[in-house]
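Residues: numbered from 1 along the sequence shown. Read the numbers this way: they start at 1 and go in the same order the structure lists the ligands and their atoms.
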Amino acid sequence: MYTTELGKADSKAPVPLVQEDPELLAAFEARVAADDFIEPKDWMPDAYRKTLVRQISQHAHSEIVGMLPEGNWLTRAPSLRRKAVLLAKVQDEGGHGLYLYCAAETLGTSREDMIDALHSGKAKYSTIFNYPTLTWADIGAIGWLVDGAAIMNQVPLQRTSYGPYARAMVKVCKEESFHQRQGYEIMMAMANGTPEQKAMAQDALNRWWWPSLMMFGPPDANSPNSAQSFRWRIKRDSNDDLRQKFVDITVPQADYLGLTVPDPAVTWNEVKGGYDFGEVDWEEFYAVVRGEGPTAKERLKARREAWDNGAWVREAADAHEAKRRARLAA
Ligand code: FAQ
């Protein structure tokens with residue numbers, strides 16, 4: 001029998017979890033290798049289903065928790081136009097979370113279980129949303145850097161092997177690209193504004209640069225899920241390759257703004273045709289993944305309260321649906 005899931009890197013030896021039928025597995029792998037999309041009713045290995053639920057639900061949680069740092073500035077946006085644009089962006093992130101929860105539900109997991117995993121601290125969400133938004137310039141930096149990193153990671157996911165996830169990514173990427181531009185436009189206004197505004201823009205870049213590089217995940221050598229996810233074409237590019245692409249695109253954008261990325265090691269490397277850059281503080285990354293980020297408690301508290309305060313809406317929707325069904329059955 002063929003083993004399709006290995007234990008995590010922290011376990012000493014690979015642990016076979018489910019023994020799959022070799023013929024079904026071979027047919028599945030051939031379809032994936034031919035770049036076919038796998039659809040919800042198709043046969044799939046248990047480990048494929050599990051890793052998709054893990055990644056998609058984590059992605060959904062990131063979108064929903066990601067509404068909070070920017071939501072913090074909705075009441076204090078500097079003009080009506082800025083407020084309307086930010087409101088639209090934050091609503092888009094909520095929409096992305098919903099498409100992603102729906103995509104994960106097609107794999108047989110329930111919304112309640114996913115939300116419960118987030119609220120109990122079992123499920124991860126992106127480290128980036130555990131940092132505070134201290135000034136209006138942070139809203140520019142999030143759009144420019146965080147949405148910029150999100151696009152870099154999500155464009156290849158439009159060709160991920162699971163159909164519902166890939167299709168959700170198409171719409172998400174279109175919207176993220178508007179988000180990135182609105183962030184860069186805020187940065188342009190501030191970088192070309194008063195000396196105080198330019199200093200705020202530089203300070204925001206200083207605080208968001210390294211956390212943005214962490215969004216791509218651990219270095220390839222320490223990425224336990226990558227090998228299997230590549231084989232099944234869930235992941236199409238490596239964490240380090242995407243991080244490098246992001247640096248290569250973003251450093252000239254910072255130059256254009258007259259700002260400096262907070263890494264003295266950034267230098268153009270003619271031979272590789274990209275920038276060399278310094279080492280991410282991986283201890284900080286793992287601490288934030290463990291739930292020790294600066295705003296981690298605040299974020300989870302806000303999500304739990306939103307869930308509790310929204311209970312009446314869910315109950316009303318259920319009651320409405322029950323009445324509708326009763327009417328249809330009568
Ligand atoms: N934060 O073996 P790998 C957005 C975990 S959406 C927290 O490399 P994998 C939109 C990882 O889960 C941002 N945990 O894992 C927006 C794994 O733990 P597990 C979210 C992280 O899955 C913008 C362990 O470390 N985007 O920003 C992080 O192959 C503005 C080992 O890592 C997505 O979720 C991290 N940064 O690669 C919203 C994209 N990195 O689960 C509002 C889809 C790694 O084994 C405002 N996801 N971990 O216990 C992916 O592409 C992948 O899951 C990676 C990680 C690349 C994130």
Check: Hey, is F216 touching ligand 1 through its side chain, its backbone, both or neither, going by heavy atoms under 4.0 Å?
Finding: backbone
Next item on the list: Record the part of P224 in heavy-atom contact with ligand 1 below 4.0 Å; permitted values are side chain, backbone, both and neither.
Entry: both
Next item on the list: Please state which part of N153 comes within less than 4.0 Å of ligand 1, counting heavy atoms only: side chain, backbone, both or neither.
Entry: side chain
Margin query: Treating N192 as the side-chain partner and M188 as the backbone partner, does any N or O pair qualify as donor plus acceptor under 3.5 Å?
Written below: yes
Item checked: Which of the ligand 1 atoms, numbered from 1, are nearer than 4.0 Å to a heavy atom of M215 -> 27 (O), 36 (N)
Note to self: Is it the case that ligand 1 has an N or O less than 3.5 angstrom from some N or O of S223?
What the structure shows: yes
Check: Should the ring pair F285 and W282 be called parallel, tilted or perpendicular, given that the plane angle runs from 0 to 90° and is split at 30 and 60?
Finding: perpendicular
Next item on the list: Would you kindly specify which portion of F285 sits under 4.0 Å from ligand 1, judged on non-hydrogen atoms: side chain, backbone, both or neither?
Entry: side chain
Check: Which pairs pass salt bridge (charged side-chain N to carboxylate O under 4.0 Å, His left out) with one or both residues in residues 114-132, sequence neighbours excluded?
Finding: none
Item checked: Atoms of ligand 1 close to S62 [distance to a heavy atom under 4.0 angstrom, numbered from 1] -> 13 (C), 20 (C)
Note to self: Keeping R299 on the side-chain end and F129 on the backbone end, is there a donor-acceptor pair under 3.5 Å?
What the structure shows: yes
Check: Can you check whether K124 has an N/O within less than 3.5 Å of an N/O in ligand 1?
Finding: yes
Check: Do K235 and Q55 pass the side-chain hydrogen bond (donor to acceptor under 3.5 Å, both in side chains) test, and can you show the C-alpha distance, the side-chain angles, and the key distance before you say yes or no?
Finding: CA-CA 10 Å; K235 254 170 133 160; Q55 178 168 325; over 6 Å; no
Note to self: Check this for me - ligand 1, K89, N or O atoms closer than 3.5 angstrom, yes or no?
What the structure shows: no
Next item on the list: Below 4.0 angstrom from a heavy atom of G217, which ligand 1 atoms are there? Numbered from 1 as shown, please.
Entry: 40 (N), 44 (C)
Note to self: Quick check: do T250 and V261 have side-chain heavy atoms less than 4.5 Å from each other?
What the structure shows: no
Note to self: Please tell me whether H179 and Q182 have a donor and an acceptor in their side chains that are separated by less than 3.5 angstrom.
What the structure shows: no
Checklist line | E93, portion touching ligand 1 at heavy-atom distance under 4.0 Å | finding: side chain
Item checked: Pairing of K301 and E298 as salt bridge, 4.0 angstrom limit -> no
Next item on the list: Determine yes or no for a side-chain-to-main-chain donor-acceptor pair under 3.5 angstrom, with Q158 supplying the side chain and K171 the backbone.
Entry: no
Checklist line | side-chain hydrogen bond (donor to acceptor under 3.5 Å, both in side chains), paired with D147, selected from R181, Q180, K89 | finding: K89
Notebook entry, point to check: With only distance considered, is S229 within less than 3.5 Å of ligand 1 through an N or O on each side?
Noted result: no
Note to self: Within the 4.0 Å heavy-atom shell around E70, which atoms of ligand 1 are there?
What the structure shows: 46 (C)
Next item on the list: Report the part of N239 in contact with ligand 1, treating N, CA, C, O as backbone and CB onward as side chain, heavy atoms under 4.0 Å; options are side chain, backbone, both, neither.
Entry: side chain
Item checked: Ligand-side contact atoms (ligand 1) for residue partner E176, heavy atom cut-off under 4.0 Å -> 10 (C)
Check: Between E39 and R31, does at least one N-O distance fall below 4.0 Å, as a salt bridge requires?
Finding: no
Item checked: Pairing of D203 and R207 as salt bridge, 4.0 angstrom limit -> yes
Notebook entry, point to check: What atoms of ligand 1 come closer than 4.0 angstrom to any heavy atom of G66?
Noted result: 42 (C), 46 (C)
Next item on the list: Any atoms of ligand 1 less than 4.0 Å from a non-hydrogen atom of Q58? List them with their elements.
Entry: 11 (C), 12 (O), 41 (O)
Next item on the list: Run the contact test for Y165 against ligand 1 with a 4.0 Å cut-off on heavy atoms, strictly below, and give the result.
Entry: yes
Item checked: For K235, the ligand 1 atoms whose distance to one of its heavy atoms is below 4.0 Å -> 8 (O), 9 (P), 29 (O), 37 (O)
Next item on the list: State if Q154 counts as touching ligand 1 under the rule of any non-hydrogen atom under 4.0 Å.
Entry: yes
Check: Is the shortest N/O to N/O distance between N225 and ligand 1 below 3.5 Å?
Finding: yes
Next item on the list: May I ask you to decide if A33's main-chain N or O and R233's side chain share a donor-acceptor pair within less than 3.5 Å?
Entry: yes
Next item on the list: Have a look at ligand 1 and work out which part of H59, if any, has a heavy atom under 4.0 Å from it: side chain, backbone, both or neither.
Entry: both
Notebook entry, point to check: Measuring from the heavy atoms of H96, does anything fall under 4.0 Å of ligand 1?
Noted result: no
Item checked: SB check D240 R243 (cutoff 4.0 Å) -> yes
Margin query: Any nitrogen or oxygen of S226 lying under 3.5 Å from a nitrogen or oxygen in ligand 1? Just yes or no.
Written below: no
Checklist line | ligand 1 contact by H179, heavy-atom criterion under 4.0 angstrom | finding: no
Checklist line | Pairs involving residues 191-229, ordered by first then second residue, that meet ring pair (Phe, Tyr, Trp, His ring centres under 6.0 Å) (sequence neighbours left out) | finding: F216-F246
